[in-house]
Amino acid sequence: MGKSTFSKVDFSKYFQPPSLKDARRRRREPVHIINNFSIPEEMKTIGKGKNYLIETYGCQMNEADSEVMAGILEAMGYRPTEDAALADVILVNTCAIRENAENRVFGHIGRMKPLKLEKPGLIIGLCGCMAQEETVVNKVLRTYPQVDLIFGTHNIHRLPQLLQEALFSKEMVVEVWSKEGDIVENLPVARHGHFQAWVNIMFGCDKFCTYCIVPYTRGKERSRRPEEIISEVRDLARRGYKEVTLLGQNVNAYGKDLKDLDHYGLGNLMDEIRKIGIPRVRFMTSHPKDFDDHLIEVLGKGGNLCEHIHLPVQSGNSDILKIMGRGYTRERYLDLFHKIKNTVPNAAFTTDIIVGFPNETEAQFEDTLSLVKECRFDGAYTFIYSPRAGTPAARMKDNIPMEVKKERLQRLNRLIDQYASESNAKYQDQVVEVLVEGTSRKNDQVLSGHTRTNKVVNFVGPKSLIGQLVNVKITETKMWSLDGEWQREPEVAGK
Ligand code: 5AD
Ligand code: SF4
């Protein structure tokens, strides 16, 4: 193989293992806004006649990052392909949140070896959250010589230079910055959708929940300036986009670091975006601790602000929540839940739940079940706790066997399924607004889209409806989707 497993880069300069103390200290360092991104002249045509493929694992932040990488590659002349055999550059954008997500990526890059043997000029890059972990990078250096390039979440804007190095170097190119601080504003974006768009409003997370790797892989909280966000949303509206999702790991902390603005938070931002002529605005992910009354009041104004709240609870037991470092109790979560529900009565609620946190007792787990019964969530992402090296929880001794954790997950999922079916059943015979996103995965004669409350709706209709908001009458409800009939607009007499 052409590449040796030798890093060109002095590791110690870039890497530190996850350290709570260092990460917390970094929070106080200033944020710089970079507005002068450009592609070096000699790199502008380097991708002409060549193809790229980006494979994305994990959350919406990764999806958004992949669209930026695609934008950069397209500005260098590369064209997208879905076929790995036709690709000249493959980037694997990874997720570090749980061990099984990481194992999937290792399996995948392992299977890429033959591609590289067939096409020695192929560049394989590993990026995203896993690249921020020193153990992962060492493992790739040792075991996966087919990888040519590793870069992290803080230096995506360096992709042109890094790709240039990878193309002309015989060694694996590794550049990972453990220290963030910058917001790069004018990066090109090749958006995947033509009517739905992700809009980052902030980066990083300062919450340091004891189980979570994100504050180490994504760095400290940095908010984009409101005027930049508003002008991006206005531009999307002008270009015919129908829906934006405002993104951040903890969107409710938006604005806390914008010290020159007087208490400007997510409520203020949403109140301004509400006035922009774009039909649907969503936001995620929320943290119950920072979800304030002003935001609730603004959500109550409705309009283009969609009635779907993703509000991760993680556990229904206050002692576990305390050890998780979540900063709220069961009672406070429930108060917040009911307050939002009273102000936005038609809102759909979804959540994230972790079972089997170290030493979680049966009684503590049952508190989670009883909270689910009280909230009757429309849906939930449920996970078995996965220890992440370097996080405080990973150092806790755990006396709960995996069999018990698996059995709890099954019991929880049965309850979640029950409420998902019940909440969908309420839609029977209702007429709902659907943003038509495309054809159904199972049948291309069937169109598919989402309601404002984020329910999947399938119905038969002409493909010309794709990208439009239409009314659909629900005729059958299932656990995770709704079937319906398209309500054709009445013809205007004389036309
Ligand atoms: N183990 C299991 N689940 C986790 N999550 C975050 N870290 C872990 C972990 N170490 C879950 C949380 C979070 C979602 C994105 O992933 O529920 O809200
Ligand atoms: Fe992780 Fe907690 Fe931050 Fe969410 S709020 S990204 S769970 S540390």
Side-chain angles (χ1 to χ4, degrees), residues 18-20 23-24 26-27 57-63 94-104 128-130 132-133 153 180 200-223 247-254 256-257 266 283-291 309-317 320-328 333 349-360 365 368 371-372 377 379-396 398 400 402 405-406 408-409 412-413 416:
S19 151
L20 191 59
R24 281 191 191 279
R26 284 208 300 275
R27 284 194 298 188
Y57 291 78
C59 66
Q60 290 82 4
M61 302 292 284
N62 268 14
E63 307 254 350
T94 62
C95 169
I97 202 120
R98 281 170 295 275
E99 194 184 358
N100 55 8
E102 293 202 348
N103 289 342
R104 277 215 310 278
C129 287
M130 278 171 73
Q132 293 293 140
E133 294 178 280
T153 58
E180 70 302 300
N200 275 315
I201 63 167
M202 60 185 303
F203 304 94
C205 180
D206 281 353
K207 278 283 170 281
F208 294 99
C209 301
T210 54
Y211 52 80
C212 187
I213 193 81
V214 168
Y216 312 94
T217 61
R218 290 271 169 186
K220 68 174 179 189
E221 281 168 6
R222 290 97 78 203
S223 304
L247 284 185
Q249 303 292 348
N250 167 18
V251 285
N252 305 86
Y254 175 76
K256 281 190 175 178
D257 55 324
L266 184 63
F283 62 107
M284 71 187 321
T285 289
S286 285
H287 192 299
K289 180 166 187 266
D290 295 330
F291 208 117
I309 318 282
H310 184 64
L311 194 62
V313 65
Q314 313 298 2
S315 165
N317 176 271
I320 292 284
L321 287 169
K322 186 149 193 232
I323 310 170
M324 285 178 164
R326 292 289 289 174
Y328 54 86
Y333 182 91
F349 282 84
T350 52
T351 195
D352 292 346
I353 297 172
I354 297 176
V355 303
F357 190 73
N359 309 313
E360 180 191 56
F365 169 66
T368 297
L371 182 133
V372 169
F377 292 109
Y381 296 101
T382 56
F383 312 101
I384 291 183
Y385 165 70
S386 169
R388 306 282 64 212
T391 60
R395 288 191 288 275
M396 295 174 194
D398 187 3
I400 308 297
M402 187 46 91
K405 298 187 184 201
K406 285 189 180 158
R408 284 184 190 163
L409 183 68
L412 174 62
N413 284 345
I416 298 292

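Whatever order the structure lists ligands and atoms in, that order sets their numbers, starting from 1.
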Legend entry - Enumerated ligand 1 atoms positioned under 4.0 Å from heavy atoms of Ile384: 2 (C)
Inset, instruction - Answer yes or no: is there a donor N or O on one side and an acceptor on the other, between the side chain of Tyr333 and the main chain of Leu311, under 3.5 Å? - result: yes
Inset, instruction - Decide yes or no for Val355 and Thr382: does some side-chain heavy atom of the first lie under 4.5 Å from some side-chain heavy atom of the second? - result: no
Legend entry - Cation-pi, Tyr57 ring and Arg104 (6.0 angstrom, 45 degrees): no
Inset, instruction - For Arg326, take its heavy atoms, then give the atoms of ligand 2 lying under 4.0 Å from any of them. - result: 2 (Fe), 5 (S), 7 (S)
Inset, instruction - Quick one: look at Ile354 and ligand 1, take heavy-atom pairs under 4.0 Å, and tell me if it's side chain, backbone, both or neither. - result: side chain
Legend entry - Distance in Å, Arg408 CZ paired with Thr368 OG1, rounded so as to fall on 0.5 Å steps: 9.5 Å
Inset, instruction - Compare all side-chain heavy atoms of Ile201 with those of Leu266 and state whether any distance is below 4.5 angstrom. - result: yes
Legend entry - Sub-4.5 Å side-chain heavy-atom contact between Val214 and Lys207: no
Inset, instruction - For ligand 1, find out whether one of its N or O atoms is nearer than 3.5 Å to an N or O atom of Tyr385. - result: no
Inset, instruction - Report the member of Thr210, Asp352, Val313 with the shortest heavy-atom distance to atom 15 (C) of ligand 1. - result: Asp352
Inset, instruction - Starting from atom 1 (Fe) of ligand 2, count all protein N, O or S atoms within a radius below 2.8 Å. - result: 1
Inset, instruction - Would you mind listing which atoms of ligand 1 come within a distance below 4.0 Å of any non-hydrogen atom of Ser386? - result: 1 (N), 2 (C), 9 (C), 10 (N)
Legend entry - Glu63 side chain reached by Leu247 side chain, heavy atoms, under 4.5 Å: no
Inset, instruction - Using a 4.0 Å heavy-atom threshold (strictly under), name the region of Phe383 that reaches ligand 1: side chain, backbone, both or neither. - result: side chain
Inset, instruction - Flag the pair Arg388 / Glu102 as yes when at least one side-chain heavy-atom distance between them is below 4.5 Å, and no otherwise. - result: yes
Inset, instruction - Among all protein heavy atoms, pick the one closest to atom 6 (C) of ligand 1 and tell me residue, atom and distance. - result: Ile97 CG1, 3.3 Å
Legend entry - Numbering as shown, the atoms of ligand 1 that approach Arg98 to under 4.0 Å (heavy-atom distance): 1 (N), 2 (C), 3 (N), 4 (C), 5 (N), 11 (C), 16 (O)
Legend entry - Under 4.0 Å to a heavy atom of Gln314 - the qualifying atoms of ligand 1, by number: 12 (C), 13 (C), 17 (O), 18 (O)
Inset, instruction - For the pair Tyr381 and His310, name the ring-plane relationship: parallel under 30°, tilted 30 to 60°, perpendicular over 60°. - result: perpendicular
Legend entry - Whether Thr391 lies under 4.0 Å from ligand 1, heavy atom: no
Legend entry - Backbone or side-chain N or O of Arg388 under 3.5 Å from ligand 1 N or O: no
Legend entry - Asp206 side, atom CG; Arg222 side, atom CZ - distance, nearest 0.5 Å: 9.5 Å
Inset, instruction - Output, in order, the C-alpha distance, side-chain angles, deciding distance and verdict of side-chain contact (heavy atoms from CB on, under 4.5 Å) for Phe203 and Thr153. - result: CA-CA 10 Å; Phe203 304 94; Thr153 58; over 6 Å; no
Legend entry - Shortest protein heavy-atom distance from atom 7 (N) of ligand 1, along with the residue and atom involved: Tyr211 CD1, 3.3 Å
Inset, instruction - Considering the heavy atoms of His287, write down every atom of ligand 2 situated less than 4.0 Å from one of them. - result: 5 (S)
Legend entry - Any Phe383 side-chain heavy atom under 4.5 Å of Ile97 side chain: no
Legend entry - Pro312 and His287, any side-chain heavy atoms less than 4.5 Å apart: no
